[in-house]
Amino acid sequence: MSSHIQVWMLVTLSVVAADYTYYIPQLVPTSLQGRLTTTTFTLESPKCLFNQMSTNTVWLLVANKIVDTTKLTIPAPYSSFASNGYYLTLNATESSYNCDNNASYIRVGSDTSCSTPNTCNGPLASSGKYIVKFVVLDINNKTVDETGWSGFITLPQGKASSVIDTWPGRRSGGMIVLTSILSVLLAFILVGLIGAFILGSKHVKPDTVAPPVATKNYETHYASEKKHTYSEPLN
Amino acid sequence: MKGNTGVRCFQVLLILGNVIIGLAGLALTAECIYFVSDQHRLYPILEATSNDDIFAAAWIGIFTGFCFFLLSLLGIVGIMKCNRRILMAYLILMFIVYCFEVASAIVAATQRDFFVPNLFLRQMLENYQKTDTGNNDEQIKANGVTTTWNYLMLMKQCCGVNGPQDWQDYSSYFRTVNSDAAYPWPQQCCVMTPNGVPRDLALCRLGVSGYLNLNGCYDQIAGPLERHAWGVAWFGFAILCWTFWVLLGTMVLWVRIEY
């Protein structure tokens, strides 16, 4: 009789112990660049959580609002998300969530080909608000256990590239110095060049201009003639 | 005046000045040729931003550098012969070349300021992998941008302008033609094995350090361009400052020369 009681206690204990609601699915640390993308988000894989002896299947429930897990219509494929507001994906046995020390991740929305429509982990269509939890279904697709809900997850949407301002902002000091000094130097050279040509051409004038020489000759001739005319009355 | 030792000294100084101008001119030409030969393969990126004036500055630099060399020879001959005609031609031609070199230096210095990360970011987002530009010329530009970015990201082991998040933070042509789940960033961003395939594609998509290059390519792009622009601008500036004094001296000599 005592053995009967022990068996019953064991059964009740195992049912109570398999309460996973304290576990809340978490996003991976922010150091991972692919934590949140436009159509995916990445969760930490639960470690040492599920019963390693069980053959029940663990599903990831992705929903856009809190849903009653006892009234899930199964299968709830990815394609029914728009109508149901939730879908189930990533089915795996409880024992496959093993207990090793390696970091492992679950990337929700990573399956672009969706070769298995009922369990497909397809890209998320909108930035939406998503909440997730792991549910454990028995062989009759009845919910036997579940974890807590995660917080709401919003996916980032890319800003338009046209909002990027390419204006360089303030001018660098070097550029201002260079431009102003060069402008001043160029102005000095221009002034110097004009000045040199004006001064230089003055130097040239007496040597190159020929006609005044002829006038001089004429003037002396004229003067001597005048002298001559003046000399007459004197004599 | 020719026999005067003071003038002789002045002539020797000017000839020395011209020798330096000639050598510096050749060096400027060489530097600019190296720049326009585009060893870092960055020209397509600049061309697509229609901000390639820095290459124009280098082309002008090739021309003016060689002109400085030739004119310095002319100047040396003119100074030695004390020939007013040769020196007048020298002064006028030198002034023209001087104007061009001033333009080259100012353009190079100005364009240097434009190389901000956002310039390359926007251009990368709008042109990378673009195929339906509708215009042959634009298509060639877009192809150039794609090829250059693939080359940069693979060879320089970098991703985007600031990092892989560039491909996530903004909508881009790349985003519209590729599914986000399979290509959160181009595959060229992944750390490759020696065989040229990603070390682990899943971890690369996840963005795990060691499987994805987390650093941006901005330094690899702007670094060489800014160095070259700096060289063209400030070496040109130094030559111009030197030439200024030589030209002033030549003007004084020209005014003093008697026939």
Pick from B:I92, B:V116, B:I106, B:V102 with the largest number of heavy-atom pairs that fall under 4.5 Å of chain A:
B:I106

Examine distances only and state if a side-chain atom of A:R107 and a backbone atom of B:A181 form a donor-acceptor pair shorter than 3.5 Å.
yes

Look at the rings of A:W167 and B:F114 and say which category their plane angle falls in: under 30° parallel, 30 to 60° tilted, over 60° perpendicular.
perpendicular

Here the gap from A:T166 atom OG1 to B:L121 atom CG, rounded to the nearest 0.5 Å, amounts to 10.5 Å

Is it true that a side-chain atom of B:N118 and a backbone atom of A:I164 form a donor plus acceptor pair closer than 3.5 Å?
no

Which one of A:V28, A:T179, A:I176 has the most heavy-atom pairs closer than 4.5 Å to chain B?
A:T179

Does the side chain of B:M251 come within less than 4.5 Å of A:I189's, by heavy atoms?
yes

So SG of B:C241 and CG of A:L185: to nearest 0.5 Å the spacing works out to 5.5 Å

Highest number of heavy-atom pairs under 4.5 Å with chain A: which of B:D169, B:L119, B:L125?
B:D169

More than 12 heavy atoms from other groups under 6.0 Å of NZ on A:K47
yes

Shorter than 4.5 Å, heavy atoms on both sides: which option in B:Y173, B:Y98, B:F120 has the most such pairs with chain A?
B:Y98

Hey, could you give me the CG/OG distance between A:L182 and B:S104, rounded to the nearest 0.5 Å?
10.0 Å

What part of A:T112 gets closer than 4.5 Å to chain B, counting heavy atoms only: side chain, backbone, both or neither?
side chain

For the CZ atom of A:F188 and the CG atom of B:L247, what is their distance to the nearest 0.5 Å?
14.0 Å

Would the distance check show the side chain of B:R205 and the main-chain N or O of A:S110 forming a donor-acceptor pair, the cut-off being under 3.5 Å?
no

Quick one, A:Q33 and B:S209 - any side-chain contact, counting heavy atoms below 4.5 Å?
no

Hey, what do you get for CD (A:Q157) to CD (B:Q168), rounding to the nearest 0.5 Å?
9.5 Å

Region of B:L212 in contact with chain A, defined by heavy-atom distances below 4.5 Å
side chain

Given that the side chain runs from C-beta out, which part of B:R112 has a heavy atom under 4.5 Å from chain A: side chain, backbone, both or neither?
neither

Which atoms of B:A233 approach chain A - backbone, side chain, both or neither, heavy atom under 4.5 Å
both

Interatomic distance, OH@B:Y183 vs OG1@A:T37, rounded to 0.5 Å, equals 14.5 Å

Can you tell which part of A:L190 gets under 4.5 Å to a heavy atom of chain B, answering side chain, backbone, both or neither?
both

A:P156, A:G192, A:P123, A:S172: which one forms the most heavy-atom pairs within less than 4.5 Å of chain B?
A:S172

Evaluate the side chain to side chain contact (heavy atoms under 4.5 Å, CB included) criterion for residues B:F244 and A:L186: first the C-alpha distance (whole Å), next the side-chain angles of each, then the deciding distance (0.1 Å), finally the verdict.
CA-CA 8 Å; B:F244 175 74; A:L186 193 61; over 6 Å; no

Heavy-atom side-chain proximity of B:T110 to A:R171 below 4.5 angstrom
yes

B:W185 versus chain A, heavy atoms under 4.5 Å apart: side chain, backbone, both or neither?
side chain

Heaviest contributor of heavy-atom pairs below 4.5 Å to chain A, chosen from B:P164, B:S171, B:A109, is B:S171

Of the listed residues (A:V163, A:T40, A:L193), which shares the most heavy-atom pairs with chain B below a 4.5 Å separation?
A:L193

